[in-house]
Amino acid sequence: MGYGDVGFLGQQYTETPNIDQLATDGMFFSHHYAGSTVCAPSRSVLLTGLHTGHTPIRGNSEVQPEGQFPLTDTLMTLSKVFQEAGYVTGAFGKWGLGMNETSGDPLNQGFDQFFGYLCQRYAHRYYPAYLWENGQKVNLPGNDWINKVTYAPDVIQEKTLEFIDQNQSKPFFLFMPIVMPHAELAAPDDEIFQKYRSKFGDEIPYLGSKGADYGPEMNIPAYQSQPFPHATHAAMVERIDRFVGEVVAKLEGWD
């Protein structure tokens with residue numbers, strides 16, 4: 001997702017009213033950059049406050065069969081600071097900073113609760129067979145790397161909102177590293193997608209490489225074929241916007 005994908009910065013096709021409202025009501029950093037150009041070190045910079053010359057995660061170093069090089073247990077992270085101050089801490093989305101039972105496990109880096117993708121390579125897929133919750137695999141109904149039934153971002157959002165509900169009477173720190181619209185383009189065939197399908201009309205399809213499509217020979221890090229790439233990307237961005245709106249509505253509902 002780029003800066004030009006939101007309405008308040010001139011986007012005329014994709015609708016992002018909730019993010020636009022955040023920019024109106026809050027603070028917009030026009031000269032701000034992510035900590036790195038790729039996933040893991042960018043999140044490492046954010047959580048540790050160390051730039052890429054000092055943070056130990058400086059690239060997407062893969063660990064097989066699942067995961068990335070872990071954060072060390074000697075680091076101070078934003079989540080540890082909040083946790084030590086008495087906040088309930090939760091992370092929901094993409095991690096990529098260490099698998100379960102390593103020093104980089106979210107539960108070892110100051111989070112009381114985690115739900116989502118521990119491995120950012122697996123986060124290339126929006127219909128995975130499973131996600132992770134506090135170190136345990138959670139199978140997604142109907143998904144088996146062949147069949148696509150349960151859209152993972154929707155499940156992660158449900159867990160995010162549950163966390164807010166469960167902790168509304170306590171101070172809490174919520175970290176939402178949303179996966180969309182990274183890697184493969186995939187969105188449910190719902191009213192959001194159909195709106196952009198009508199807007200963009202016929203498109204030039206994206207054809208994935210060998211093993212890109214779901215099936216017995218699927219290569220997990222690849223990107224699936226997509227007949228409507230522009231409509232799908234727009235639908236994913238608007239889905240992010242709706243997620244943002246749901247979180248803001250919950251917080252404002254406590255006033």
Side-chain angles (χ1 to χ4, degrees), residues 18-19 21-23 25-29 32-36 39-52 54-57 67-120 123 131-138 152-180 240 242-255:
N18 295 296
I19 294 173
Q21 193 63 48
L22 283 183
D25 296 342
M27 188 177 294
F28 169 54
F29 295 92
H32 174 79
Y33 289 87
S36 179
C39 302
S42 187
R43 284 192 299 281
S44 182
V45 167
L46 177 64
L47 288 174
T48 66
L50 302 173
H51 63 62
T52 49
H54 286 166
T55 191
I57 308 299
Q68 285 72 41
F69 187 80
L71 286 171
T72 60
D73 53 12
T74 57
L75 286 169
M76 179 55 70
T77 60
L78 188 61
S79 43
K80 288 179 181 178
V81 171
F82 275 111
Q83 194 177 58
E84 291 175 4
Y87 284 65
V88 180
T89 56
F92 300 86
K94 180 166 67 168
W95 182 246
L97 296 172
M99 286 298 292
N100 60 314
E101 300 182 350
T102 72
S103 60
D105 185 325
L107 303 185
N108 292 330
Q109 291 296 334
F111 286 104
D112 298 308
Q113 185 175 345
F114 173 81
F115 185 87
Y117 299 87
L118 283 176
C119 176
Q120 62 196 28
L131 293 171
W132 291 89
E133 184 170 29
N134 298 338
Q136 302 296 317
K137 283 185 179 179
V138 177
D154 288 349
V155 182
I156 295 170
Q157 177 69 356
E158 291 173 7
K159 292 286 187 176
T160 303
L161 298 177
E162 285 177 10
F163 175 82
I164 296 173
D165 282 334
Q166 291 166 359
N167 297 289
Q168 60 179 284
S169 62
K170 311 167 188 175
F172 66 84
F173 170 57
L174 169 62
F175 179 43
M176 288 178 62
I178 295 174
V179 181
M180 299 176 294
I240 294 171
R242 293 193 182 192
F243 286 178
V244 169
E246 289 170 355
V247 169
V248 171
K250 273 201 176 293
L251 298 178
E252 289 181 342
W254 300 345
D255 293 341

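In what follows, residues are counted from 1 in the order of the sequence shown. In what follows, every heavy atom counts, from backbone to side chain, and hydrogens, waters and symmetry copies are set aside.
- Atom OH of Tyr33 has 12 or fewer neighbouring heavy atoms from other residues, nucleotides or ligands inside a 6.0 Å radius.
- Closest heavy-atom contact between Val179 and Gly93: CG2-C, 4.3 Å.
- Leu71 contributes atom CG, which lies 10.5 Å from atom CG of Asn108 (distance to the nearest 0.5 angstrom).
- Using a 4.5 Å cut-off on side-chain heavy atoms (C-beta onward), Leu50 and Val45 make no contact.
- A side-chain N or O of Thr55 and one of Ser44 form a donor-acceptor pair less than 3.5 Å apart.
- You'll find the side chain of Pro106 reaches within 4.5 Å of the side chain of Leu118, heavy atoms only.
- The two atoms that bring Cys39 and Gln120 nearest to each other are CB-OE1, 3.5 Å, heavy atoms only.
- A distance of 9.0 Å separates CZ of Phe115 from OG1 of Thr160, quoted to the nearest 0.5 Å.
- In this structure the side chain of Leu78 never reaches within 4.5 angstrom of the side chain of Leu46, judged on heavy atoms.
- Between Leu75 atom CG and Lys80 atom NZ the span is 6.5 Å, to the nearest 0.5 Å.
- No donor-acceptor contact under 3.5 angstrom links the side chains of Arg242 and Gln157, judged on distance only.
- Within a 6.0 Å sphere centred on CD of Glu101, heavy atoms belonging to other residues, nucleotides or ligands number 12 at most.
- Proximity of Leu47 to Gln109: side-chain heavy atoms (C-beta onward) are nowhere separated by under 4.5 Å.
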May I have the step-by-step check of side-chain contact (heavy atoms from CB on, under 4.5 Å) for Thr89 and Phe114, ending in yes or no? CA-CA 9 Å; Thr89 56; Phe114 173 81; over 6 Å; no
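- Rounding to the nearest 0.5 Å gives a distance of 12.0 Å between CG of Leu161 and CD1 of Ile156.
- Counting all heavy atoms, side chain and backbone alike, Leu97 lies closest to Ala40 at CD2-O, 3.4 Å.
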Side-chain polar contacts of residues 167-177 - donor-acceptor pairs under 3.5 angstrom, sequence neighbours left out - could you list them?
unit_1	atom_1	unit_2	atom_2	d
Asn167	ND2	Phe163	O	2.8
Gln168	NE2	Asp165	O	3.2

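- The CZ atom of Phe92 lies 13.5 Å from the CZ atom of Phe243; values are rounded to the nearest 0.5 Å.
- Lys94 approaches Ala123 most closely through the heavy-atom pair CD-CB, 3.5 Å.
- Partners of Val248 by side chain to side chain contact (heavy atoms under 4.5 Å, CB included), not counting sequence neighbours, listed by chain and number: Leu22, Val244, Glu252.
- Expressed to the nearest 0.5 Å, how far CH2 of Trp132 lies from CG of Asn100 amounts to 4.0 Å.
- Taking all atoms of both residues into account, the shortest heavy-atom contact from Asp112 to Gln83 is OD1-NE2, 2.8 Å.
- The heavy-atom pair separating Ser42 from Gly35 by the smallest distance is OG-N, 3.6 Å.
- Residues satisfying the side chain to side chain contact (heavy atoms under 4.5 Å, CB included) test with Gln166, not counting sequence neighbours, are Gln113, Glu162.
- Using a 4.5 Å heavy-atom threshold, the side chains of Gln68 and Cys119 count as touching.
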